[in-house]
Amino acid sequence: MMEQPHSCCKGAEVLLNLQPTSSVSIQYHPFFGPHDDLVLLELDEKLLSDVLYQRVTLRGQPDEDAVLCTKSKTYSVKFVGTSNSVFLIPPADCSTSHESGGENDKQQVATASVIKVAPGNMELVEVAPRLDKLKSILSENLYSSDEASTAMGDLYKWDDLINKVQASDDELKAGLQALSAVEIDGYWRIVDEKYMDVILRMLLHNSVLNDWLLDSLVEDKVVSVLELDGFPRKLVYHCLNVYGSRVEGEAMGGGVWRLDARRVCVHFARGILREGKRKMESFMEEWLRMIPEEMQPSFDMLEGEVLTEKLGVETWVRALSVSSLPTTPAERFSILFKERAKWEWKDLEPYIRDLNVPGLSSEALLLKYTRRSQPSVDAEPVFSAR
C-alpha cells in the first residue's frame with residue numbers, strides 16, 4: 001500500500017491548527033528558562049487594536065505601580081497567578097521535527113519547543129487617573145505677579161507631565177483644565193489666586209469705565225486695555241477663560257466673551273474666607289458688595305465651596321472647596337469625616353459627586369465608606385464614617 005504523505009506543522013502553528021482529539025509532542029527548547037522579559041498580557045477585545053498598533057504607554061516612576069494608558073483611559077497592571085501550566089512556544093523556525101517508526105514506517109511528527117512556563121499573566125483593570133500628583137507638583141511653583149520674565153524652581157512641560165503623572169493624555173488635559181492651569185512659555189503653570197484676583201478686579205474696573213457689558217465683552221478691546229495696564233496678553237486670555245466663556249457664533253473684534261456669574265461669585269467668596277470663618281451676616285454683606293451689579297449672587301452658588309455651622313444662635317461660614325480635596329475615595333472620605341462626624345446628604349453630595357471610580361457608582365462608594373442612619377422614616381438620612 002502506498003504511504004500517504006504526512007504534513008508537518010511546526011512551532012506555534014501546530015497548536016493553532018490542532019484538531020479536536022489530536023495531540024502534539026512537546027520538548028524543552030534549547031534556550032528554555034525563566035525569561036523574565038516575556039510576560040503574558042490578558043486583553044479585552046476593545047483594547048486589542050490599541051496595543052497591536054502601539055497606541056498605549058506604560059507610565060509611572062520607579063517607586064510607583066505602573067499603569068497602562070490609552071489615549072483616553074488609565075488601567076492598573078496586576079499580576080494574576082495560575083495553577084495550570086501555561087507553555088510559551090516560539091514561532092516555527094525555533095521548533096524541531098523528528099522521525100518516528102521503523103525503517104519501513106517512517107513519518108514526521110510535529111514537535112513544539114517550550115521556551116518558558118508562564119506562572120500567570122498581567123491583567124488590566126480600568127482605574128481613575130491619579131491626578132493628585134499633578135496638583136501637587138504644579139502648586140509648588142505658582143505663577144505670580146512678581147514673575148515678569150524669570151521663573152524659579154521646577155517647571156514642567158507637557159512631556160514632563162506625561163512622564164510624571166499616571167493618567168492618559170485626555171485625562172491629563174482634563175486635569176489641567178480643572179486646575180485652571182495655563183501653558184506659559186512652554187511650561188504648564190497654575191496662576192496664583194491673588195494675581196488672578198488683581199487681573200479680574202482690573203477687568204471689572206475697566207468694564208465700568210468703558211461701559212462694557214459683562215455678557216458681551218469684546219475680546220480685542222479687553223485684551224488691549226489690560227495690556228496697557230501692564231498685564232501679559234497670555235494672562236488676560238487666561239482670565240477670560242477661567243471666569244468666562246467665549247460666546248458661540250460671535251466673531252466681531254476677535255471674539256466675544258461672557259463672564260460666568262457663578263465662577264466670579266465663587267472667586268470673591270474664596271477671597272473673603274481665605275483668612276478664616278465668618279459670621280453669615282458679615283460674610284454676605286461683604287460678598288454682595290464685591291459682586292458686579294450685573295450679576296445676581298445666590299448662596300446656592302457656593303455649593304461644594306463653603307460649609308455652614310451653628311454656634312449658639314449664630315450661623316458661621318467657612319471655606320471647604322471640593323477642588324482642594326484628594327481624588328481618591330478613601331482619602332476624600334477620611335478628610336470629610338474629620339471636618340464633620342455626621343453629614344446630611346444635601347451637604348455631602350457636592351463633595352463626592354466628582355469622584356470617578358470605574359465600576360463603582362456613588363451608591364457603591366457610600367456603602368463602602370459610610371454608615372447610613374435615619375432616625376425616622378421622614379427624617380433626612382445621615383452619613384457617618386464606616
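The structure displayed is predicted, hence computed values, not measured ones.
Residues L52 and V77 share a single hydrophobic cluster, defined by chaining ILVMFWY side chains whose heavy atoms lie under 4.5 Å apart. Placement of V223 and L204 within a single hydrophobic cluster is found when ILVMFWY residues are connected by side-chain heavy-atom separations under 4.5 Å, directly or transitively. Linking ILVMFWY side-chain heavy atoms closer than 4.5 Å, directly or via other members, places I352 and V127 in two distinct hydrophobic clusters. Under the 4.5 Å side-chain heavy-atom criterion for grouping Ile, Leu, Val, Met, Phe, Trp and Tyr, M122 is not connected to V67 through any hydrophobic cluster. Cluster membership for F337 and L307, using ILVMFWY side-chain heavy atoms within less than 4.5 angstrom, is shared.
Around the CD atom of E380, the shell of radius 6.0 Å holds no more than 12 heavy atoms that belong to other residues, nucleotides or ligands.
A donor-acceptor pair under 3.5 Å links the side-chain atoms of K116 to the main chain of P34, judged by distance alone. Distance alone, capped at 3.5 Å, is enough to place a donor-acceptor pair between the R386 side chain and the L367 backbone. Using a distance-only test at 3.5 Å, with no hydrogens or angles considered, no donor-acceptor pair links the side chain of S139 to the main chain of S136. Of the possible donor and acceptor atoms, none in the side chain of K71 sits under 3.5 Å from a partner among the backbone N and O of D50. Using a distance-only test at 3.5 Å, with no hydrogens or angles considered, a donor-acceptor pair links the side chain of R263 to the main chain of V242. Judged by distance alone, the side chain of H238 and the main-chain N or O of S180 form a donor-acceptor pair under 3.5 Å. Judged by distance alone, with hydrogens and angles left aside, the side-chain atoms of T74 form a donor-acceptor pair with the main-chain N or O of S168 at under 3.5 Å. Between the side chain of E314 and the main chain of M280, no donor-acceptor pair closer than 3.5 Å is present. In terms of modelled atom types and a separation under 3.5 Å, the side chain of N241 and the main chain of Y237 share no donor-acceptor contact. Remark: side-chain polar atoms of E227 are not paired, donor with acceptor, to backbone N or O of V236 under 3.5 angstrom.
Of the N and O atoms on the side chains of W257 and E219, at least one donor lies less than 3.5 Å from an acceptor on the other residue.
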task: Take K133 and E64, measure what side-chain contact (heavy atoms from CB on, under 4.5 Å) needs, and give me the verdict at the end.
output: CA-CA 12 Å; K133 186 175 183 179; E64 297 173 325; 3.4 Å; yes
message: What verdict does the side-chain contact (heavy atoms from CB on, under 4.5 Å) test give for D160 and L155, after you've listed the backbone C-alpha separation in whole Å, the side-chain angles of each residue and the deciding distance to 0.1 Å?
response: CA-CA 9 Å; D160 301 321; L155 298 179; over 6 Å; no
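The ring-ring contact (aromatic ring centres under 6.0 Å, His included) with F333 is formed by just one residue from the set Y369, Y351, W343; it is Y369. With R278 as the fixed residue, the salt bridge (charged side-chain N to carboxylate O under 4.0 Å, His left out) test singles out one of E309, E285, E286: E286. Screening R262, K346, R353 against E303 for a side-chain hydrogen bond (donor to acceptor under 3.5 Å, both in side chains) leaves a single residue, R353.
Separating the CE atom in M202 from the SG atom in C239 is a distance of 11.5 Å, to the nearest 0.5 Å. From W158, atom CH2 reaches atom CG of L176 across 6.0 Å, with rounding to the nearest 0.5 Å. With values rounded to the nearest 0.5 angstrom, I335 atom CD1 is found 15.5 Å from R340 atom CZ.
Under a 4.0 Å N-O distance rule, the pair D169/R59 qualifies as a salt bridge. Electrostatic pairing of R332 and D354 counts as a salt bridge here, judged by a charged N lying under 4.0 Å from a carboxylate O. E123 and K78 are not joined by a salt bridge, as no carboxylate oxygen comes within less than 4.0 angstrom of a charged side-chain nitrogen. With respect to E193 and R274, a salt bridge is recorded, a charged nitrogen being found less than 4.0 Å from a carboxylate O.
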